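All remarks here apply to the structure that follows.
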Amino acid sequence: MSKKEVIYDEALVPSYQLPSLLGKSDGSSAATAGEWLSTRRPEILAIYRERVFGKWLHRPQIQWYETLSVREDALDGEAIRKEIRIHLGSAEGKTHSFDMLLYIPKTATPEHPVPVFIGLNFRGNHATTDERDVAMTGFGYEKNQYLNDESRGNSVPRWCFRETIRRGYASATICYHDICPDYNDLSCFRQSVLSILGSTDDLSLVHRNYTAIGLWAWGLSRGLDCLESEVLVDSSRCAVHGLSRLGKTSLWAGANDERFKLVISTDSGCGGAALFKRCFGETAEIISTAFPHWFVEAFAQYRGREDLMDFDQHFLLSLIAPRALCVASATEDLWADPLGEFLAAKHAGDAYRLFGLSGIESDDMPAADEWLTGDVSYHLRTGKHDQTPEDWAHYWVLADRIFQK
Ligand code: GTR
């Protein structure tokens, strides 16, 4: 579909056929969880690494954590708050760092460590919390317009730290710009973590192999590494979440790093949970033109040629199986194609069933604000493109179920 024809009418959605999730490249189908894990899943992961989000960067040779601050009386005495600098280093002595903000309920003990949510933020750690003494982050992006006191706390409803803590969960966040600044061209890589762990001398080579979404997702894994060293946090019960481009990112993090046991995408849309082949709202062409650094060069072959895709986003979601998946949409977020997100979640169910788990059985989307809660979960929140307390209400219930609280 070309850029001029953004489709917002179901009657204009082209007819398409979804590629078979279980059909292996040798023509047979994965019939067991074992075959899925040994053959089909690696094939799908390879498709995404080669043609969509790029290679998964190696783990740095040197990684250490510097505690920048600790408050024992955070959130009116209900939480311990930490700011931790995650340092990554290369053998040649080059370093890159980003800062994680972490809240832990005061009820956590080393004997009873708590499960944890982790997600990247858009504006800086200081925007996610109403505590005004949290250090500003997000300096990785020079054009970041939220690097000021007025922006403190302006994303609080997206984070809901207080309620998360009350419910017995720790919660961590890092500003995505500090991993790779989100400039709309390939120059972003020069100031990214890739500049020390790989090479950014030849940007066209970088574009062949790496993407900003890939680096952000990988940064979430480094955040989880750091959480593994926190005695009050049970990092084996970790949920990763993200909104919009950061929801595409949380899905890709969950696809690559099996330590994420619950993977949540909110309004992730095109390149996230939404099926490309429906061409409803944002399309492969639109997104890869506006954000060339989000996709590898090979993805360009699908601009206006979704029919050539031998995959679609139910493949991406299936990489989370058998771990818990939650896809969330919003009624007014047509750009992200809520129905396409629902259908991808539904079709990912074939992978879950191989594990004896349930997918989404219904062919129809649930009513707005109704939750489908299972191994594959879905909801359609009333409202705009955002992550709100209403979204969190489902995430907490899901986490309670999965982490057996
Ligand atoms: C839009 C983009 C979407 C989504 C969104 C966001 O401009 O078209 O795919 O990622 O940005 O991240 O807020």
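Counting starts at 1 for both ligands and their atoms, in listed order. The structure displayed is predicted, hence computed values, not measured ones.
- Each of the atoms 2 (C), 3 (C), 8 (O) of ligand 1 lies under 4.0 Å from some heavy atom of Trp335.
- Only the side chain of Ile287 comes within contact range of ligand 1, with a heavy atom under 4.0 Å; no backbone atom does.
- Closest protein heavy atom to atom 4 (C) of ligand 1: Ser244 OG, 3.0 Å.
- Between Trp218 and His58, a ring centre-to-centre spacing not shorter than 6.0 Å is recorded.
- Ring orientation note: the planes of Tyr8 and Trp335 are tilted relative to one another, at an angle of 30° to 60°.
- At a threshold of 4.5 Å between non-hydrogen side-chain atoms, the residues Lys346 and Asp363 count as touching.
- Short contacts between ligand 1 and Trp294, defined as distances under 4.0 Å to a heavy atom of the residue, involve ligand atoms 10 (O).
- Within 6.0 Å of the CD atom in Gln17, the count of heavy atoms belonging to other residues, nucleotides or ligands does not exceed 12.
- Shown in contact with His385 at under 4.0 Å from a heavy atom are these atoms of ligand 1, numbered in order with element: 13 (O).
- Taking every heavy atom of Lys248 and a limit of under 4.0 angstrom, the matching atoms of ligand 1 come to 3 (C), 4 (C), 9 (O), 10 (O).
- Glu282 OE1, 3.2 Å is the protein heavy atom nearest to atom 3 (C) of ligand 1.
- When side chains are defined from C-beta on, Trp64 counts as touching Thr95, because their heavy atoms get closer than 4.5 Å.
- Side chain of Ser199 to backbone of Asp201: a donor-acceptor contact under 3.5 angstrom is found.
- The protein heavy atom nearest to atom 7 (O) of ligand 1 is Phe291 CZ, 3.4 Å.
- In this view, Glu297 and His207, Arg208 satisfy the side-chain contact (heavy atoms from CB on, under 4.5 Å) rule, not counting sequence neighbours.
- Not close to ligand 1: Tyr176, with no non-hydrogen atom less than 4.0 angstrom away.
- Regarding atom 11 (O) of ligand 1, its nearest protein heavy-atom neighbour is Arg245 NH2, 2.9 Å.
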